[in-house]
K.L.:
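Have a look at the structure that comes next, please.
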There are 2 protein chains.
Amino acid sequence: MIDTARALDAGDPLAEFRGRFDLPEGVVYLDGNSLGALPRATRERVSQVVDAEWGRDLIRSWNSADWIGMPQRIGAKIAPLIGAQPHEVIACDSVSVNLSKLIGAALQMRPGRNVVLSEPGNFPTDLYMVQGSPAAQRLAARDKIVDALDDDVALLMLTHVHYKTGEMFDMAALTKAAHDAGALVLWDLSHSGGAVPVDLNACNADLAVGCGYKYLNGGPGAPAYAFVAERHHDALHNPISGWMGHAAPFAFSDEYEPAAGVSRLLAGTPPVLAMAALECGVDLMAEIGIEPLVAKSRALSEFFRAAMAEHCPQLECVSPADAPMRGSQLSYRHKDAYALCQVLIARGVIGDFRDPDILRFGFAPAYVSYEDAAKAVNALAEILENDEWDAPQFKKRAAVT
Amino acid sequence: MIDTARALDAGDPLAEFRGRFDLPEGVVYLDGNSLGALPRATRERVSQVVDAEWGRDLIRSWNSADWIGMPQRIGAKIAPLIGAQPHEVIACDSVSVNLSKLIGAALQMRPGRNVVLSEPGNFPTDLYMVQGSPAAQRLAARDKIVDALDDDVALLMLTHVHYKTGEMFDMAALTKAAHDAGALVLWDLSHSGGAVPVDLNACNADLAVGCGYKYLNGGPGAPAYAFVAERHHDALHNPISGWMGHAAPFAFSDEYEPAAGVSRLLAGTPPVLAMAALECGVDLMAEIGIEPLVAKSRALSEFFRAAMAEHCPQLECVSPADAPMRGSQLSYRHKDAYALCQVLIARGVIGDFRDPDILRFGFAPAYVSYEDAAKAVNALAEILENDEWDAPQFKKRAAVT
């Protein structure tokens with residue numbers, strides 16, 4: 001299997017990009033869907049921001065280094081990865097905070113409707129944001145979502161690629177169904193952007209959010225992004241209406257007047273160090289381009305899936321078998337998934353665990369090799385064969401799982 | 001004047017701390033109330049986070065480097081600077097977003113009341129956040145605030161030190177007046193924390209927010225902090241109810257259940273690079289301690305005020321003449337304040353301009369010297385004497401002023 005993997009790596013058009021990341025020796029990293037790896041360029045760029053832009057130029061860098069333009073500039077670079085126009089995307093805040101803004105905005109755009117429809121088991125923060133909002137939450141299983149669309153639904157809010165199983169929604173079909181029912185749609189692209197094909201405008205999507213620290217490799221807790229289709233720009237009311245989203249922030253007026261377009265989604269001052277790191281990750285993904293990333297993701301995850309079926313048949317794959325139907329990840333069910341994950345980590349294979357029984361492997365196409373995938377399968381096969389995971393030290397839960 | 005200044009520097013107990021910051025050669029930096037200077041320790045710490053914690057240890061650092069504990073840990077370090085208990089403060093998001101959370105929380109805690117009372121000319125984002133919220137905004141001039149407190153007021157929201165003039169509210173008296181009227185109080189400490197005495201609990205304050213990138217030297221756009229008095233912890237409803245504020249974020253439950261205490265104010269994943277830089281700034285301020293910072297702030301700004309009165313009498317000081325009545329800043333009115341600010345910057349003296357006619361000088365007590373202050377006054381006196389500012393190139397406004 002290793003030989004096959006090496007042959008595939010030799011023919012991989014993305015192989016050259018692995019060297020653009022700083023990957024630790026001896027580690028197989030299959031958790032880029034939780035935290036993307038460090039692009040080498042990021043280290044130098046962050047130093048530059050700290051030393052020269054902050055330390056030397058101080059407050060002047062808001063103009064001279066165009067810190068003030070970061071949210072729009074980075075958003076515009078993300079846009080082609082998700083089928084958006086450059087002025088429809090902005091980088092700011094967290095996914096959670098951006099969800100809160102867009103849920104509020106959607107309720108305002110659909111007066112007389114107060115339901116946000118989603119699915120049970122959606123990524124928790126998406127559901128929690130609805131629960132904290134003035135909206136009523138309605139949940140429907142994924143095959144019942146279309147039936148649950150009625151005149152009360154202001155917003156259909158779904159995560160495009162499921163964080164746990166990797167199942168992918170049909171964005172075009174569900175967007176159309178929601179529109180037919182008079183609702184808006186908000187897509188959470190956290191597990192999609194930079195890894196799977198997304199074409200927001202071709203699908204006629206209304207709103208979207210996405211994560212900066214997964215496939216965009218923006219660093220731990222990197223700022224997120226938000227999309228608003230151009231046709232909604234004028235009507236958009238951001239309930240978290242901060243000074244950075246004002247038409248003239250430095251006029252210091254008492255009256256809020258929203259900036260034109262998606263800029264009105266800004267709230268407070270952007271975290272410049274984190275934004276700079278995000279931009280490096282986005283630049284690298286934009287340089288590779290979404291098509292090669294998708295092609296590699298599918299081929300690599302298929303290689304892994306086939307190898308797992310052969311060498312670890314006792315693990316049940318809960319992700320779609322058809323690559324175009326899933327995100328860049330494969331998830332397996334096992335009653336001792338947590339312990340298995342810990343033993344793998346102890347052997348240098350980093351995947352992750354999702355409560356209660358899911359072992360999840362992410363295939364960040366920009367830097368994961370076929371050899372990585374083969375090593376992971378081999379390690380897991382050995383662990384299973386030798387019952388290695390069945391020891392107390394592997395079952396003690398850490399704070400973050 | 002320079003000789004006097006040097007003598008004062010020689011006797012300054014905080015002089016040793018100037019070397020803990022990376023200040024550019026030839027620059028007099030009097031804008032630490034807009035963006036604090038770079039602590040030398042920050043450079044190394046940020047590199048460590050990028051290289052070792054992110055690059056090498058990757059996802060494991062959420063546990064091994066305790067990234068997950070950053071918001072509470074940094075909050076606890078800020079607490080003694082503002083008279084709070086360690087578990088009453090949390091570092092997260094921006095001031096704007098934290099205002100949005102706490103305005104929403106206050107409305108929930110005062111059912112039947114829907115007014116947020118503030119003053120005209122408060123820092124814009126504070127007012128904008130009320131305007132974006134379900135609350136009704138009421139503004140009253142500072143000498144009419146107590147009269148404007150009635151049964152409709154859910155929340156009195158004020159900025160403790162005014163960003164433009166440096167005027168400081170009597171926190172104890174206004175908090176008591178609000179409580180007597182049945183309202184809660186939210187203090188914005190952005191221009192206070194780390195520079196003036198703040199004793200939230202002695203004043204019986206309810207809620208507060210503050211800025212990480214001014215006197216706390218946390219870096220451009222550093223995360224902010226929020227305070228909730230312990231007595232309100234159980235009743236606190238955060239409308240931006242994200243997964244990081246959940247009682248068990250990694251249980252991935254569909255139902256939001258707030259974490260205990262101030263942790264429920266968290267929303268999304270914290271921006272780790274920005275949090276690490278913030279922690280360095282906070283550590284340094286905590287090491288110096290608030291009392292020496294306040295003593296230096298007052299003595300230094302008094303030195304500047306007296307020198308300005310003598311050498312630049314044509315500029316009208318709009319800040320309180322009595323040091324304990326103001327923040328760590330002095331503001332002067334001049335019809336060509338913008339151009340004067342630009343000429344000063346061209347001469348290496350960085351203050352800032354606030355629309356329409358204010359020239360503002362901040363005295364970050366940890367690193368500004370008396371000699372800095374003297375140089376700034378001398379430069380301004382020369383500029384005024386020679387009409388240097390009256391040239392078109394100094395009147396063209398930049399994007400960020």
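Throughout, protein chains are lettered first and strands after them, A, B, ... in sequence-line order, and every chain is numbered starting at 1.
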K.L.:
Roughly how far, to the nearest 0.5 Å, is CZ of B:Phe250 from CZ of A:Arg354?
P.N.:
7.0 Å
K.L.:
Shortest non-hydrogen contact from B:Asp93 to A:Val97?
P.N.:
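Closest approach of B:Asp93 to A:Val97: OD1-CG2, 4.0 Å.
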K.L.:
Return the option, out of A:Asp126, A:Val50, A:Leu139, with the maximum number of heavy-atom pairs under 4.5 Å with chain B.
P.N.:
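Heavy-atom pairs under 4.5 Å are most numerous for A:Val50.
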K.L.:
Which region of B:Phe123, side chain (C-beta onward) or backbone (N, CA, C, O), has a non-hydrogen atom less than 4.5 Å from a non-hydrogen atom of chain A, or is it both or neither?
P.N.:
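Answer is side chain: those atoms of B:Phe123 sit under 4.5 Å from chain A.
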K.L.:
Checking A:Phe21 against chain B: side chain, backbone, both or neither under 4.5 Å from a heavy atom?
P.N.:
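No part of A:Phe21 comes within 4.5 Å of chain B.
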K.L.:
Provide the closest heavy-atom pair for A:Ala251 versus B:Asp355 in the form atom of the first, atom of the second, distance.
P.N.:
CA-OD2, 3.7 Å
K.L.:
Chain B heavy atoms under 4.5 Å from A:Ser94: which part of the residue, side chain, backbone, both or neither?
P.N.:
side chain
K.L.:
Highest number of heavy-atom pairs under 4.5 Å with chain A: which of B:Ala248, B:Ala224, B:Pro356, B:Ala37?
P.N.:
B:Ala37
K.L.:
Which answer fits B:Leu58, side chain, backbone, both or neither, if we ask what part of it has an atom under 4.5 Å from a heavy atom of chain A?
P.N.:
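Answer is both: backbone and side chain atoms of B:Leu58 are under 4.5 Å from chain A.
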K.L.:
Which residue out of A:Gly242, A:Ala222, A:Gly69 racks up the most heavy-atom pairs below 4.5 Å with chain B?
P.N.:
A:Gly242
K.L.:
Tell me, for B:Val49 versus chain A, whether the close heavy atoms (under 4.5 Å) come from the side chain, the backbone, both or neither.
P.N.:
neither
K.L.:
How far does CG of B:Leu35 sit from CZ of A:Arg60, to the nearest 0.5 angstrom?
P.N.:
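Here the rounded value is 11.0 Å.
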K.L.:
Of the non-hydrogen atoms in B:Phe252 and A:Tyr163, which two are nearest, and what is the gap between them?
P.N.:
CB-OH, 3.4 Å
K.L.:
For chain B, which of A:Ser47, A:Pro120, A:Pro24, A:Gly245 has the most heavy-atom pairs under 4.5 Å?
P.N.:
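Of A:Ser47, A:Pro120, A:Pro24, A:Gly245, A:Pro24 has the most heavy-atom pairs under 4.5 Å with chain B.
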K.L.:
Which bit of A:Ile350 comes within less than 4.5 Å of chain B, counting heavy atoms only: side chain, backbone, both or neither?
P.N.:
side chain
K.L.:
Look at A:Gly219, A:Ala276, A:Ala277, A:Cys211 and state which one has the largest set of heavy-atom pairs under 4.5 Å with chain B.
P.N.:
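Option with the greatest count: A:Gly219.
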K.L.:
Looking at A:Pro39, A:Ala274, A:Pro134, A:Ala267, which makes the most heavy-atom pairs under 4.5 Å with chain B?
P.N.:
A:Ala267
K.L.:
Between chain B and each of A:Gln131, A:Glu25, A:Glu53, A:Arg56, count heavy-atom pairs under 4.5 Å; write down the option with the most.
P.N.:
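Highest number of heavy-atom pairs under 4.5 Å: A:Gln131.
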